[in-house]
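To start, the structure under review is shown below, and the notes come after it.
Just so we're on the same page: letters track the sequence lines, and every chain starts at 1.
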Protein chains: 2
Amino acid sequence: MTPLGPTDPASDAQGGATGTPQEPEGERLAHRPPAGRPGPGLSRERIVTAAVQLIDAEGVSALTMRRLGSTLDVEAMSLYRYVNGREDLLEAVVDALVETIEVPAPGHLKPVDGWQGFLQVLAHDVRRLALEHPAAFPLIATRHPAAPWLRPLLRSLRIVEAFLDGLRARGFTDEHAVTTYRTFTSFLLGHLLLESAMQGAEMSPAEEPLDEGDAELPNRDEGLDLADFPTLARLRSQLTEDHAEEEFEAALEHLLVRLDLELAQ
Amino acid sequence: MTPLGPTDPASDAQGGATGTPQEPEGERLAHRPPAGRPGPGLSRERIVTAAVQLIDAEGVSALTMRRLGSTLDVEAMSLYRYVNGREDLLEAVVDALVETIEVPAPGHLKPVDGWQGFLQVLAHDVRRLALEHPAAFPLIATRHPAAPWLRPLLRSLRIVEAFLDGLRARGFTDEHAVTTYRTFTSFLLGHLLLESAMQGAEMSPAEEPLDEGDAELPNRDEGLDLADFPTLARLRSQLTEDHAEEEFEAALEHLLVRLDLELAQ
DNA sequence: ACCTGAACACCGTTCAAGT
DNA sequence: ACCTGAACACCGTTCAAGT
């Protein structure tokens with residue numbers, strides 16, 4: 001499908017072709033001989049890819065029709081031929097990212113024999129998505145899916161179908177598969193939204209050199225007055241430690257234990 | 001309506017002065033205009049309350065400086081005397097809502113003797129917040145807290161201090177209290193963000209009658225074509241059922257079991 | 001067929017000016 | 001002291017017009 005990897009996987013690898021300052025950096029059409037048109041060649045796919053890159057680089061609030069247009073060397077109005085407004089674009093971005101999630105297929109390479117391995121592999125792939133696109137992740141987690149019975153993160157028909165089939169093929173009843181869908185999405189949402197928020201913490205506002213007048217505002221954590229919060233002050237360093245990965249693994253392990261219990265009863 | 005928190009104990013530590021010295025705070029007893037109308041009498045608190053009401057009624061995207069101003073019978077620019085721009089206002093809204101969370105105190109009425117009761121009561125109070133303000137909840141869940149060691153939902157100094165003290169008073173070590181803070185916030189985030197999303201699902205866009213031309217985009221759930229997804233089609237009604245409350249209770253119960261295990265080892 | 005210029009309504013924000 | 005008019009830069013979106 002669309003190469004939606006972390007911002008620009010391969011195009012930076014081969015520099016040197018960019019002589020003029022305003023040329024688009026990646027020659028995406030190099031392998032596309034027909035009609036030597038060098039022009040923009042807009043398409044929905046190209047627009048969505050550019051949108052993802054812009055979000056990855058500068059955050060969701062920077063994704064403006066006008067800015068996105070200039071990224072593609074095109075006026076903003078041109079985008080409306082391929083995209084149904086900004087909301088539709090955001091939807092397309094979310095869909096494109098979610099479609100990169102791979103649900104382990106029956107004949108899979110990795111050790112995905114049991115349902116536990118199935119869920120383990122899937123969970124880690126969703127985590128990969130969260131860490132590759134931390135700025136976009138709140139969007140994926142927050143926007144309403146197309147149908148009320150779809151839940152954030154695992155929010156495409158294809159993925160839910162594969163998820164349910166995958167569990168059923170590994171011994172789950174219909175009912176257990178459905179409740180596991182709910183439990184699993186809640187689990188992923190809670191852990192990964194937090195982790196992606198940490199990852200891309202310093203994203204939203206461009207940092208400005210502070211004026212001389214105000215050294216007053218508590219800029220990040222240093223300015224906070226912990227005088228009235230002795231426990232907080234004492235445990236501060238422990239609270240700051242980042243154990244996201246271990247937490248994720250531990251919580252996933254416990255989720256599997258819990259599901260195992262529910263299966264048995 | 002919206003009973004917003006007490007008179008702002010900690011907001012002075014956060015809400016920043018930005019260089020312009022503005023400190024008119026304690027004018028509590030100035031005589032109000034005698035008119036029956038809620039005359040101007042602007043204040044930060046009044047602005048934040050109105051903002052919460054506007055979000056509850058029409059969603060975050062409707063919270064515009066100009067619309068909020070008109071809600072208060074005031075031009076938008078007047079708000080800037082009390083609020084440091086839209087971002088600061090959103091921050092204040094989140095803080096105000098989070099401050100309504102009550103962490104069970106040592107001498108509490110309800111059966112909060114054990115740490116399990118403590119977490120039970122607290123979890124349900126956060127859930128109350130989510131259900132009372134579904135449209136605002138993504139904001140609370142998503143915005144970066146003031147310090148990197150604060151996590152969404154339980155994101156005020158006061159609350160985290162009370163949380164940690166509450167657990168320590170009930171037998172937790174420092175280390176267990178900290179890890180429980182992380183586990184507990186992840187749990188709440190995952191479950192309540194989903195539940196609030198369901199609650200306020202039909203909020204953002206006004207429903208429009210679809211045009212004849214493009215039957216391409218799947219509008220809501222009815223237009224989705226489930227032909228290629230037999231499992232989805234078969235389980236659709238089960239997927240649609242709303243068991244949010246039972247799921248929350250069950251997951252909370254399992255979380256407590258898990259914590260109990262971790263405490264023992 | 002594809003893109004753009006011009007226009008409209010709305011937005012956040014600043015600042016000098018009103019009262 | 002508190003509010004506003006006017007202005008600026010930017011935004012999403014539409015539509016007739018260009019090529």
Side-chain angles (χ1 to χ4, degrees), chain A residues 24 29 34-47 50-51 54-55 58-93 204-206 208 211 213-214, chain B residues 16-33 35 37-47 50-51 54-55 58-93 204-206 208 211 213-214:
Chain A
L29 305 181
R37 190 172 313 196
L42 230 39
S43 75
R44 188 174 231 260
E45 192 181 328
R46 229 162 82 73
I47 291 173
L54 188 51
I55 292 174
E58 307 195 38
V60 178
S61 66
L63 179 59
T64 245
M65 299 302 278
R66 288 168 140 106
R67 282 204 51 179
L68 180 59
S70 87
T71 269
L72 293 160
D73 282 316
V74 143
E75 299 302 314
M77 319 92 196
S78 309
L79 304 173
Y80 286 81
R81 218 151 260 276
Y82 304 89
V83 146
N84 226 266
R86 188 173 187 264
E87 288 300 302
D88 180 50
L89 174 60
L90 290 176
E91 212 66 45
V93 164
S204 334
E208 291 183 8
D211 281 21
D214 48 355
Chain B
T18 57
T20 45
Q22 45 177 2
E23 65 276 25
E25 254 296 287
E27 295 283 347
R28 290 295 143 95
L29 296 183
H31 71 286
R32 302 289 163 81
R37 225 169 302 261
L42 230 39
S43 74
R44 188 173 230 259
E45 192 181 329
R46 229 161 82 74
I47 290 173
L54 188 51
I55 291 174
E58 307 196 37
V60 177
S61 67
L63 179 59
T64 244
M65 299 301 279
R66 287 169 140 107
R67 284 205 50 180
L68 180 58
S70 87
T71 271
L72 292 161
D73 282 317
V74 142
E75 301 301 316
M77 318 92 196
S78 309
L79 304 174
Y80 286 82
R81 214 149 266 274
Y82 304 89
V83 146
N84 225 266
R86 189 172 186 263
E87 288 300 301
D88 180 50
L89 173 61
L90 290 176
E91 213 65 44
V93 164
S204 333
E208 288 184 11
D211 277 25
D214 46 352

Q) If you round to the nearest 0.5 Å, how far is CG of Asp88(A) from CG of Leu79(A)? A)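 Nearest 0.5 Å value for the CG-CG distance: 11.5 Å.
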Q) Does Thr64(B) reach the main-chain N or O of Arg67(B) with its side chain, forming a donor-acceptor pair under 3.5 Å? A)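 No.
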Q: State whether the side chain of Arg66(A) and the backbone N or O of Ala76(A) hold a donor-acceptor pair below 3.5 Å, judged by distance alone.
A: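 Here the side-chain-to-backbone pair does not exist.
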Between [N] ([atom2]) and [X] ([atom1]): distance, integer Å:
| X | N | atom1 | atom2 | value |
| --- | --- | --- | --- | --- |
| Arg66(A) | dA9(D) | CZ | C1' | 10 Å |
| Glu75(A) | dG18(D) | CD | C1' | 14 Å |
| Arg46(B) | dC2(D) | CZ | C1' | 14 Å |
| Leu72(A) | dC2(C) | CG | P | 16 Å |
| Arg86(A) | dC10(D) | CZ | P | 16 Å |
| Leu68(A) | dC3(C) | CG | C1' | 15 Å |
| Asp73(B) | dT4(D) | CG | P | 9 Å |
| Leu54(A) | dC11(D) | CG | P | 11 Å |

Does [X] have a side-chain nitrogen or oxygen under 4.0 Å from the phosphate oxygens OP1 or OP2 of [N]?
| X | N | answer |
| --- | --- | --- |
| Ser78(A) | dC2(C) | no |
| Thr64(B) | dC10(C) | no |
| Arg81(B) | dC2(D) | no |

(Q) Using every non-hydrogen atom in the two residues, find where Leu72(B) and Ala50(B) come nearest and quote the distance to one decimal. (A)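 Where Leu72(B) meets Ala50(B) most closely, the heavy atoms are CD2-CB, 3.8 Å.
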Are any non-hydrogen side-chain atoms of [X] and [Y] less than 4.5 angstrom apart?
| X | Y | result |
| --- | --- | --- |
| Met65(A) | Leu89(A) | yes |
| Arg86(B) | Leu68(B) | no |
| Leu42(B) | Arg81(B) | no |

Out of [options], which nucleotide sits closest to the side chain of [X]?
| X | options | answer |
| --- | --- | --- |
| Ala76(A) | dC3(C), dG12(C), dT13(D) | dT13(D) |
| Arg67(A) | dT14(D), dC2(C), dC11(D) | dC11(D) |
| Tyr82(A) | dT14(C), dT14(D), dC2(C) | dC2(C) |

Q | Pairing stems for DNA chain D [at least three consecutive pairs; Watson-Crick or G-U; under 3.5 angstrom] | A |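 Detected stem regions: C:4-8 with D:12-16, C:12-16 with D:4-8.
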Q. Across the strands shown, which category fits Met77(A) at heavy-atom distances under 4.0 angstrom: base, sugar-phosphate, nothing?
A.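 The answer is base, as Met77(A) lies within the cut-off (heavy atoms under 4.0 Å) of a base atom.
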